[in-house]
Amino acid sequence: MTARRPVRVGLIGFGTVGTGVVKILTENADLLERRLGGKIVLAGIADKDLSRDRGVKVDRSLMTDDARALIGRPDVDAIVELVGGHEPAKTFLLEAIAKGKHVATANKALLAASGPEIFAAASKAGVEVGFEASVAGGIPIIQVVKESLVANRIGAIYGIINGTSNYILSRMSHEGSTFEAALAEAQRLGYAEADPALDVGGGDSAHKLAILSAIAFGTPVDLSAVPTEGIAHVTPLDIEFAREFGYAIKLLAIAKQEGETFEARVHPTMVPETTLLAQVGDVFNAVYVVGDRVGPTLYYGRGAGSEPTGSAVVADLAAIARNIWTGSAGRVPVMGFTDEGRRPLRMKGMDEIVSHFYLRFTVRDEPSVLAAIAGRLGENRISIESVIQKGRAAGGSVPVVIMTHAAVERDVRTALAEIDRLSVVSAPTVLIRVEGGS
Ligand code: HSE
């Protein structure tokens with residue numbers, strides 16, 4: 001076999017993930033060469049901070065604080081963007097693409113919002129965009145959806161795709177930690193985004209879900225239309241009630257395709273404790289994908305962190321290198337469907353969603369309260385599956401929890417608006433959606 005010329009990579013952003021990429025490219029260089037039949041060489045690293053010790057050995061001469069100069073270097077084949085956020089990351093990517101460089105990025109926020117523009121530019125320039133690291137860190141879910149499950153119409157995706165939120169909910173559930181203490185610990189461990197509101201508010205999961213559902217269903221996905229609810233309002237009381245009903249509370253990113261419509265939503269969700277998704281604890285991620293031919297499949301691993309996310313970036317670089325060597329850039333359409341094969345599906349509004357619901361009412365402990373609530377639910381076509389009422393509170397308020405059978409969210413909202421106006425109801429009702437209910 002003729003020797004393959006080394007593929008030269010410029011890295012922009014030498015933070016947590018960048019450090020993981022450098023470590024893997026350095027420490028697993030031999031293994032990579034044995035697998036690829038050629039070398040991936042680090043040609044330069046751009047970062048604003050040239051002095052911080054990242055705990056990884058790098059030749060100082062590779063480092064620069066001038067990202068654009070690195071992008072402009074003719075000896076660089078591919079640019080890895082690990083700056084995060086919208087600008088200057090977007091400009092860096094578009095400049096690299098315009099100069100005919102292949103690119104790889106972990107930037108879910110940018111791709112969820114500006115993916116079509118970046119992908120169109122890359123397609124025009126005939127270069128690859130690797131984004132394996134943008135969803136679920138080290139889990140190779142992009143490759144799975146684009147290539148491994150190509151035979152399947154994908155009907156549903158359920159993802160635990162924000163490690164920080166999963167860590168917090170796991171700590172709250174298993175150790176009774178407060179939300180604040182668990183968040184502080186997640187930040188100390190480096191899992192959280194620079195702005196943790198993106199993690200706990202569900203925005204980070206929504207970014208990843210928008211990317212996943214676009215490549216799974218072959219439709220454009222408007223990120224701003226993805227209903228997104230975070231975990232800040234999940235209380236120990238609801239975690240406790242969930243357990244009594246046999247459920248765990250997870251921040252789920254859910255996407256389903258049915259005919260010419262699809263849904264994509266992020267919210268705290270009760271899942272039966274006996275399911276594999278409920279067992280996904282700590283900072284781990286998992287993505288459950290249902291294909292019409294393969295049935296249910298599950299992918300589990302670390303969704304954040306230096307080397308797990310670095311592993312995904314290096315996989316993209318390996319694919320880029322192989323495509324350069326074999327002259328097959330563009331072999332797999334960047335969005336998993338050809339441009340002509342993509343079809344806009346209608347995204348369902350949240351009021352159309354059908355789900356089971358957990359409803360926690362805060363009511364005065366008086367006769368006929370339950371009848372009043374059940375009456376309003378019944379009038380709105382909501383059927384009750386089970387009820388728990390705990391304790392007695394002379395003159396005070398008690399929680400009454402109702403699990404419903406499958407119901408339309410619009411009906412549930414209408415019923416709750418009526419119920420919350422009743423004089424016996426003393427606080428707004430808590431609603432948590434339930435998946436996998438009977
Ligand atoms: N903040 C993200 C998480 C990092 O907690 O999952 C990986 O995208």
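Remember, it's a predicted structure, so these values are computed and weren't measured experimentally. One-based numbering, in listed order, for ligands and for the atoms of each.
Remark: minimum distance from atom 4 (C) of ligand 1 to any protein heavy atom is reached at Glu193 OE2, 3.3 Å. From the protein, the heavy atom lying nearest to atom 5 (O) of ligand 1 is Thr164 OG1, 2.6 Å. Scanning the protein heavy atoms around atom 6 (O) of ligand 1, the nearest turns out to be Gly163 N, 2.7 Å. Closest protein heavy atom to atom 8 (O) of ligand 1: Lys108 NZ, 2.5 Å.
Proximity of Phe284 to Arg302: side-chain heavy atoms (C-beta onward) are separated by under 4.5 Å at one or more points. With a 4.5 Å cut-off on side-chain heavy atoms, Val103 and Val127 do not count as touching. The shortest distance between side-chain heavy atoms of Val314 and Leu25 falls below 4.5 Å. Side-chain contact between Pro196 and Thr164: absent, with no pair of heavy atoms (C-beta onward) separated by less than 4.5 Å.
The heavy atom nearest to atom 3 (C) of ligand 1, considering only Asp195, Asn162, Ile168, is found in Asn162.
For the residue pair Asp59/Ser61, the side-chain donor-acceptor check at 3.5 Å is satisfied. In the model, Thr414 has no side-chain atom that pairs as donor or acceptor with a side-chain atom of Asp411 under 3.5 Å. Arg68 and Thr91 share no donor-acceptor pair across their side chains, judged by distance under 3.5 Å alone.
Each of the atoms 2 (C), 6 (O), 7 (C), 8 (O) of ligand 1 lies under 4.0 Å from some heavy atom of Lys208. For ligand 1, the atoms closer than 4.0 angstrom to any heavy atom of Asp204 are 2 (C). Using a 4.0 Å cut-off to heavy atoms of Ala304, the atoms of ligand 1 that qualify are 4 (C), 7 (C). Less than 4.0 angstrom separates some heavy atom of Asp199 from each of these atoms of ligand 1: 1 (N), 2 (C), 3 (C), 5 (O).
At a 4.0 Å cut-off, at least one heavy atom of Gly303 sits close enough to ligand 1 to count as contact.
No N or O atom of Ala192 sits closer than 3.5 Å to an N or O atom of ligand 1.
With Glu352 as the fixed residue, the side-chain contact (heavy atoms from CB on, under 4.5 Å) test singles out one of Arg410, Met347, Glu409: Arg410.
By the criterion of a heavy-atom distance under 4.0 Å, neither the backbone nor the side chain of Asn285 is placed next to ligand 1.
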